[in-house]
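Take a look at the structure set out below.
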Amino acid sequence: MIRTRFAPSPTGFLHIGGARTALFSWAFARHHGGQFILRIEDTDIARSTPEAVQAILDGMAWLELNHDEGPFYQTKRLYRYKEVIEQMLANDQAYLCYCSPEELDEMREAQRVRGDKPRYDGRWRPEPGKTLPVPPSGVQPVVRFKNPTEGTVAWKDMVKGVIEFANAELDDLIIARGDGTPTYNFCVVVDDLDMQISHVIRGDDHVNNTPRQINILKALGATVPQYAHLSMILGDDGTKLSKRHGAVSVMQYSDEGYLPEAVINYLARLGWSHGDAEIFNREQFVQWFDLDHITSSAGQFNTEKLRWLNQHYIKAADDTRLAGLTRPFLVRSGANPDDGPELSLVCALVKERAATIEELADAATLFYRTLHPSAELLALHVTAEVLPALSELVERFKALSWGRSAISTALKETLAAHGLKMPKLAMPVRVLVTGEPQTPAIDATLELIGQDKVVTRLEAGLKAAQA
Ligand code: GLU
């Protein structure tokens with residue numbers, strides 16, 4: 001049975017790197033018909049916040065990365081960590097260490113002077129025939145794991161290949177602090193064991209934790225899961241991800257008008273590939289996803305590519321859905337989407353060129369706001385030369401059975417009657433009716449704005465120009 005987990009620490013929002021880890025863990029479970037577990041690693045009380053937990057849940061929900069079990073909170077499992085620590089102490093797999101912070105500092109200083117690597121020297125580690133120091137009074141001991149001292153610990157990482165550490169390099173890890181609280185690496189181990197995780201897919205910033213976790217798992221008699229450590233993601237400019245690119249919350253992408261399916265498609269290609277496929281939906285991704293085609297080199301964030309994918313998905317999206325997403329952007333910008341043409345029809349007209357919903361809303365605004373054209377635009381386009389043609393056009397529009405092709409015909413006939421070229425007439429019409437020199441196709445735009453509004457605005461413009 002394949003069981004994967006996503007185990008974020010709620011110390012910030014769900015950012016692009018975390019979302020990619022979540023996506024790969026989710027997809028691996030889905031591909032194999034397994035289970036995907038969500039675990040909140042909130043034992044760092046000082047840095048964990050309920051807002052961050054909510055932000056993670058929101059991000060996962062927006063991306064539709066649904067979990068089968070959880071969310072499990074580590075702070076609710078403290079009794080269990082305690083139980084395992086007791087068991088390890090009883091089995092001589094862990095021991096109490098009374099070293100004070102000052103003593104540890106001295107130890108490290110002496111090692112530094114000798115040119116040795118700083119490490120715990122095992123002075124409280126029980127060994128057959130060894131006499132331990134007398135426990136000092138008033139010191140709360142920490143609990144240390146009795147790491148093997150010889151041999152190596154190795155695993156075949158599903159992304160990075162064989163990774164091996166010498167046990168001599170690994171300290172006897174503190175698994176419980178003086179106040180009894182369990183430490184990070186230990187909680188991960190107990191959870192991965194209890195939750196029967198078969199594949200740990202996580203960022204490669206955890207590679208150094210893995211040998212310690214494997215040793216503890218082995219001490220507990222557990223089957224060691226498979227590990228896949230994903231390479232980090234670099235920013236657009238090849239440096240570490242920063243807030244300028246990608247290190248923002250995935251919810252910010254929602255706020256900026258990206259579609260979740262675009263973000264999913266984008267994240268899927270960040271360090272994984274299927275031939276040269278660039279555009280594929282979630283189902284396709286789940287069908288294709290495996291750990292064999294994850295690149296071991298760092299992925300690089302590319303905002304332009306994300307925009308390109310988003311544009312693709314906007315074009316493909318249902319117009320009613322787009323209208324629902326566009327509405328709040330319009331309202332925020334002060335436009336009234338209820339005073340004007342049906343929003344889904346406007347979305348259908350303007351979506352061709354929008355890379356985000358925000359841009360879609362910008363393009364839609366002219367249908368919902370009475371824009372007052374600037375004096376410069378009027379002077380440039382509504383010239384004396386074109387006024388007779390504009391007057392005729394208004395008369396034709398009044399009598400028209402309103403529709404795109406009838407509008408187009410009326411424009412062409414007016415042009416012919418006055419010996420003008422299309423832009424000469426289309427520009428003043430655009431400016432007077434929408435306040436903008438650029439609009440989608442003039443006939444389609446006028447059709448959507450509606451006969452009454454078009455006629456009223458043209459007449460008002462003519463009157464002003466003639467005055
Ligand atoms: N809580 C860790 C983090 O947010 C992940 C631990 C793990 O995946 O093993 O980086």
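Counting convention: from 1, in listed order, for ligands and their atoms alike. Heavy-atom basis, side chains included; hydrogens, waters and symmetry copies ignored.
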Which of the numbered atoms in ligand 1 are under 4.0 angstrom from any heavy atom belonging to E41? 1 (N), 2 (C), 5 (C), 6 (C)
Quick one: nearest non-hydrogen protein atom to atom 8 (O) of ligand 1, plus distance? R5 NH1, 2.7 Å
Do W288 and F280 have ring centres separated by under 6.0 Å? yes
Checking Y253 against N310: is there a side-chain donor and acceptor pair closer than 3.5 Å? no
Considering only non-hydrogen protein atoms, determine which one is nearest to atom 5 (C) of ligand 1 and report residue, atom name and distance to 0.1 Å. A7 O, 3.2 Å
Residue among N215, L173, I216 satisfying side-chain contact (heavy atoms from CB on, under 4.5 Å) with N147: N215
The salt bridge (Lys or Arg N to Asp or Glu O under 4.0 Å) partner of D194 among R80, R39, R3 is R80
Nitrogen or oxygen of R39 less than 3.5 angstrom from that of ligand 1: no
Is there any N or O on P8 that sits under 3.5 Å from an N or O of ligand 1? no
Can you list the atoms of ligand 1 that are under 4.0 Å from a heavy atom of H206? 2 (C), 3 (C), 5 (C), 6 (C), 10 (O)
Check for me whether the distance between the ring centres of F28 and H199 falls short of 6.0 Å. yes
Min N/O separation D205 to ligand 1 under 3.5 Å: no
Counting from 1, what ligand 1 atoms have a heavy atom of S9 closer than 4.0 Å? 1 (N), 2 (C), 3 (C), 4 (O)
With Y266, which of F301, W308, Y258, W272 fulfils ring pair (Phe, Tyr, Trp, His ring centres under 6.0 Å)? F301
Measure the distance from atom 6 (C) of ligand 1 to every protein heavy atom, then report the residue, atom name and distance (to 0.1 Å) of the closest one. Y184 OH, 2.9 Å
When the ring centroid of F36 is compared with that of F6, is the distance short of 6.0 Å? no
